[in-house]
Peer 1: 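Here you go, one structure.
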Amino acid sequence: MLTDTALKPASLSFEEAAAMPVAAITALQALRDKARLQPGQHVLINGASGGVGSYAVQLAKAMGATVTAVCSGRNAELVRTLGADHVIDYTQEDYTEGDTRYHAIIDMVGNHPLSAMLEVTEPDGVLVLVGSMEINPWWGPLARPLHAILRSPFVSQRLEPMLASVTADDLAELSRYAEAGQLTSAIDRRFPLAEVADAIRYQEQGRTRGKVVINVLP
């Protein structure tokens with residue numbers, strides 16, 4: 001019997017619901033479990049217009065946080081509609097060189113050194129490492145989490161690498177956010193099943209806005 005399932009929220013289409021589970025659960029666990037986000041705190045989401053990031057913006061706002069979203073200028077309006085209070089266009093501005101300090105940084109991109117991100121994280125804040133664009137030739141995707149673990153004893157901030165796990169309870173929690181009108185899926189493109197290869201190539205370009213959906217039935 002499947003234990004990691006939940007009913008589709010009535011407020012979502014089948015496409016919106018199908019796009020949600022892994023990415024939205026990753027966002028939920030990053031904010032709730034790793035960042036332990038509280039109302040009134042300021043969170044920065046790096047990679048805010050991507051699959052995980054687009055859910056993280058909405059969930060952080062639903063949790064009562066002030067949200068700064070980092071994305072390209074072409075995606076600024078999207079993240080604003082998802083609830084971002086502030087938007088930083090990474091092609092024009094480097095958030096690690098700004099004066100603002102954040103209680104939590106949720107990093108989906110891995111395009112800045114840990115030291116630079118810690119400079120703009122509050123001394124009692126947290127840096128959550130969800131993803132990275134760079135793959136180390138020796139350690140692969142484990143290099144950045146290992147670096148964080150080794151550095152953690154020497155800084156005041158918490159460094160939290162993460163790997164999400166799908167649970168029925170968290171799917172139910174996402175459903176509650178969706179039913180309350182606080183969570184939806186930003187769908188970039190839809191592909192028929194016969195064009196899965198095209199969908200993968202599109203995803204690999206790294207410019208997806210929200211989620212890509214495969215329609216199994218015509």
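Residues take their numbers from the sequence shown, with the count starting at 1. In what follows, every heavy atom counts, from backbone to side chain, and hydrogens, waters and symmetry copies are set aside.
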Peer 1: Can you hop from I187 to L12 via hydrophobic side chains spaced under 4.5 Å?
Peer 2: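 No; tracing contacts between hydrophobic side chains, which count when under 4.5 Å, never links both residues.
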Peer 1: With ring pair (Phe, Tyr, Trp, His ring centres under 6.0 Å) as the rule and sequence neighbours excluded, what pairs involving residues 106-127 come up?
Peer 2: Y95-H112
Peer 1: Quick one: does any side-chain atom of S156 pair with a main-chain N or O of P123 as donor and acceptor, under 3.5 Å?
Peer 2: yes
Peer 1: Counting distance only, does the side-chain N/O of R101 pair as donor-acceptor with the main-chain N or O of E119 below 3.5 Å?
Peer 2: yes
Peer 1: Does Q157 use its side chain to pair, donor to acceptor, with the backbone of T121 at less than 3.5 Å?
Peer 2: yes
Peer 1: If you apply the rule side-chain contact (heavy atoms from CB on, under 4.5 Å), what do you find for Q29 with M162, and how did you get there?
Peer 2: CA-CA 9 Å; Q29 293 175 359; M162 72 161 293; 4.0 Å; yes
Peer 1: Test R158 against D124 for salt bridge (Lys or Arg N to Asp or Glu O under 4.0 Å), laying out the working first.
Peer 2: CA-CA 8 Å; R158 286 189 294 115; D124 60 346; over 6 Å; no
Peer 1: So, S54 side chain and G50 main chain: donor-acceptor pair closer than 3.5 Å or not?
Peer 2: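 A pair under 3.5 Å: yes.
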Peer 1: Nearest 0.5 Å, what's the CD1-OG1 distance between I45 and T68?
Peer 2: 9.0 Å
Peer 1: Quick one: does N75's side chain have a donor or acceptor within less than 3.5 Å of a partner on L78's backbone?
Peer 2: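 No.
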Peer 1: I would like to know whether K211 and E15 meet salt bridge (Lys or Arg N to Asp or Glu O under 4.0 Å); could you show each step before the answer?
Peer 2: CA-CA 10 Å; K211 296 291 291 180; E15 286 183 340; over 6 Å; no
Peer 1: Are I105 and V155 grouped together when hydrophobic residues (ILVMFWY) are joined by side-chain heavy atoms under 4.5 angstrom apart?
Peer 2: yes
Peer 1: Can you get from L28 to V79 by hopping between Ile, Leu, Val, Met, Phe, Trp and Tyr side chains that sit under 4.5 Å apart?
Peer 2: no
Peer 1: Any donor-acceptor pair under 3.5 Å linking the side chain of D85 with the backbone of V67?
Peer 2: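 Yes, D85 side chain to V67 backbone: donor-acceptor pair under 3.5 Å.
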Peer 1: Should V213 and F191 be marked as a side-chain contact (heavy atoms from CB on, under 4.5 Å) after you check the CA-CA gap, both sets of side-chain angles, and the distance that decides it?
Peer 2: CA-CA 6 Å; V213 170; F191 291 84; over 6 Å; no
Peer 1: Using modelled atom types only, decide if a donor and an acceptor are shared between the side chain of E16 and the backbone of S13 within a distance under 3.5 Å.
Peer 2: yes
Peer 1: About how many Å separate CG of L44 and CD1 of I88, when rounded to the nearest 0.5 Å?
Peer 2: 5.5 Å
